[in-house]
Amino acid sequence: MKFGTRIIHTGHDTDPTTGAVSIPIYQTSTFRQESVDHFGKYDYARSDNPTREALEETIAQLEGGTRGFAYASGMAAISSVLLLFSPGDHLVVCEDVYGGTFRVLTQLFSRLGITSTFVDATDLDAIAAAFRPETKGLFLESPSNPLLKITDLEGAARIARERGAITLVDNTFMTPYLQRPLEVGCDIVLHSGTKFLNGHSDVICGFAVVKDPELGKRIRFIQNAFGAILGPQDSWLVLRGLKTLRVRMEESQRSATRIASWLAGEKRVTRVLYPGLPSHPGHAIHARQSSGPGAVLSFALDSLEVTRRLLEGMKLAAFAVSLGGVESIISYPARMSHAAMPPEERAARGIGDTLVRLSVGLEEADDLIAEMDRLING
């Protein structure tokens, strides 16, 4: 089956007990056992819940993995998986990583003796040079947040594998519909499922998916021990949201491509960052490892005044934290997604005060362009 069909027919599209075409919400904390010697499949809902299990198996199937894990947030997923590492371990991380990931690495895991080196992951030589004998992991985003930098995932994973390290990829921007890092040699895929996977701005959730069963066992132990799991109602909402993933991504990236092309011709726009543009330095690599440019783009304006006017004046796009909803969301990385990153670190990475990130929803592209034109050009 093609991917769009598999999204609907995942093996969890019908309740086996009643034939309902929606998996039930098992709103329970515990399960009755009939024997001291033989417990049933489910005993306590932190460990397993049938609704969450259906979602975890679905996201694993879509990513091409063997095990999937659902968490209470994207950062819960990232933080739980980072517990694979031990004091003395070192990580190589793409330099313009999401601000929450930067914060947890530099302010929490660093206290546990797990260190990180941030590099320009578009340069495979820079990745290789950053490895040390104690390097155990390579953490990537492609496209990165918010600069939409592209990493050669297959090449980067090969570098890590040759050195005995595992590769982790935050695939939030792309979703498995457009990009599946496990298929090119990466070891763990992470998602803020809050974004495109759920797609309706009404759930906070996160995911991890692995291909190697042994690695899956290690993450399963951490998930159960640490306990940052997703509840059954939220699991059901994400199962519902996933059914429209293909049509949402296709429509949103079609509009994003039009908007990026329009922005590239505007005098008050100093740069446009979108892998769908041929001018993007990572365009060819992205086209090779993904099946579409996605629905998120960033751009810089020529003054703080115009930036403020656009952010505060948009009505069709919500000026808000987050992305990936059916509504367009316009964000200000310096004060939102990357507020946790010190100003000097943001500046060094090119995350300036006139940088705007736009997640394109399902509005008509012509309407979004007309409103942006009025606000940018006065």
Side-chain angles (χ1 to χ4, degrees), residues 3-4 7 62 73-74 98 141 143-148 170-179 191-207 234 237-264 266 269 272-277 290-299 301 307 309-333 335-337 355-376:
F3 194 92
I7 290 174
L62 296 180
S73 69
Y98 167 58
E141 295 174 357
S144 64
N145 182 9
L147 298 179
L148 284 297
D170 187 331
N171 200 32
T172 297
F173 276 21
M174 286 288 98
T175 81
Y177 177 60
L178 297 176
Q179 179 173 273
H191 287 276
S192 172
T194 308
K195 314 308 195 289
F196 290 107
L197 293 181
N198 176 58
H200 291 76
S201 300
D202 54 11
V203 172
I204 299 290
C205 63
F207 297 98
D234 286 345
L237 284 169
V238 181
L239 281 167
R240 174 221 58 185
L242 275 170
K243 293 176 181 179
T244 61
L245 176 63
R246 179 182 70 86
V247 292
R248 287 188 287 106
M249 292 304 296
E250 286 289 350
E251 183 64 25
S252 289
Q253 75 173 355
R254 186 179 299 114
S255 294
T257 300
R258 284 197 58 205
I259 291 168
S261 297
W262 172 77
L263 285 167
E266 292 302 298
V269 176
V272 181
L273 308 172
Y274 184 61
L277 294 176
S290 306
S291 58
V296 181
L297 57 102
S298 294
F299 57 98
L301 296 157
T307 305
R309 187 167 69 222
L310 176 65
L311 293 171
E312 296 177 353
M314 287 291 290
K315 302 300 180 188
L316 297 180
F319 176 34
V321 173
S322 198
L323 56 97
V326 294
E327 63 287 300
S328 293
I329 299 174
I330 191 165
S331 301
Y332 190 38
R335 298 287 296 276
M336 291 180 169
S337 63
L355 184 71
V356 172
R357 189 188 71 199
L358 176 65
S359 169
V360 181
L362 300 182
E363 300 89 352
E364 295 283 351
D366 287 345
D367 293 330
L368 289 165
I369 289 171
E371 185 173 53
M372 294 172 70
D373 185 26
R374 175 176 59 80
L375 293 167
I376 290 173

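These numbers come from the heavy atoms of this one structure, side chains and all, not from hydrogens, waters or symmetry mates.
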Closest non-hydrogen atom pair between [X] and [Y], with its separation:
X: Leu355; Y: Pro146; answer: CD2-CG, 3.9 Å
X: Met174; Y: Gly294; answer: CE-CA, 3.6 Å
X: Ser328; Y: Gly361; answer: OG-N, 2.8 Å
X: Leu148; Y: Pro275; answer: CD1-CD, 4.1 Å
X: Val272; Y: Ala260; answer: CG1-O, 4.0 Å
X: Thr172; Y: Phe196; answer: O-CD1, 3.6 Å

Do the side chains of [Y] and [X] get nearer than 4.5 Å, heavy atoms only?
X: Leu311; Y: Ile330; answer: yes
X: Met372; Y: Ile259; answer: yes
X: Pro176; Y: His191; answer: yes
X: Thr175; Y: Met249; answer: yes

Test of understanding: with salt bridge (charged side-chain N to carboxylate O under 4.0 Å, His left out), list the residues that count as partners of [X], not counting sequence neighbours.
X: Glu312; result: Arg308
X: Asp367; result: none
X: Asp202; result: Arg240
X: Glu371; result: Arg374

Atom [atom1] of [X] and atom [atom2] of [Y]: how far apart are they, to the nearest 0.5 Å?
X: Leu368; Y: Trp262; atom1: CG; atom2: CH2; value: 10.0 Å
X: Leu358; Y: Leu297; atom1: CG; atom2: CG; value: 5.0 Å
X: Leu245; Y: Leu197; atom1: CG; atom2: CG; value: 6.5 Å
X: Phe207; Y: Leu62; atom1: CZ; atom2: CG; value: 10.0 Å
X: Arg248; Y: Leu362; atom1: CZ; atom2: CG; value: 7.5 Å
X: Ile369; Y: Leu263; atom1: CD1; atom2: CG; value: 7.5 Å

What pairs with [X] under side-chain hydrogen bond (donor to acceptor under 3.5 Å, both in side chains), at least two apart in sequence or on another chain?
X: Tyr98; result: none
X: Thr307; result: none
X: Asp373; result: Asn377
X: Ser359; result: none

Mark yes or no for whether [X], through its side chain, and [Y], through its backbone, hold a donor-acceptor pair below 3.5 Å.
X: Thr244; Y: Gly241; value: yes
X: Ser73; Y: Ile204; value: no
X: Ser298; Y: Leu273; value: no
X: Asn171; Y: Gln179; value: yes
X: Arg357; Y: Ser322; value: yes
X: Ser252; Y: Val360; value: yes

What residue pairs, at least two apart or across chains, pass salt bridge (Lys or Arg N to Asp or Glu O under 4.0 Å) with a residue in residues 314-326?
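Listed by first then second residue: nothing to list.
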Given the rule in the side chain to side chain contact (heavy atoms under 4.5 Å, CB included) test, do Ser201 and Val326 qualify, once you have shown the distances and angles that lead to the verdict?
CA-CA 8 Å; Ser201 300; Val326 294; over 6 Å; no
Looking at residues at least two apart in the chain, or sitting in another chain, which of them share a side chain to side chain contact (heavy atoms under 4.5 Å, CB included) with Ala370?
none
Name all residues meeting the side chain to side chain contact (heavy atoms under 4.5 Å, CB included) criterion together with Ser291; count only those two or more places apart in sequence or in a different chain, and write none if there are none.
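Partners of Ser291 under the side chain to side chain contact (heavy atoms under 4.5 Å, CB included) test: Leu178.
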Start with the C-alpha gap between Thr257 and Tyr274, add the side-chain angles, then the distance that decides, and say whether side-chain hydrogen bond (donor to acceptor under 3.5 Å, both in side chains) holds.
CA-CA 8 Å; Thr257 300; Tyr274 184 61; 3.2 Å; yes
Going by the rule ring pair (Phe, Tyr, Trp, His ring centres under 6.0 Å), which residues pair with Tyr177 if we only count those two or more places apart in sequence or in a different chain?
Phe3
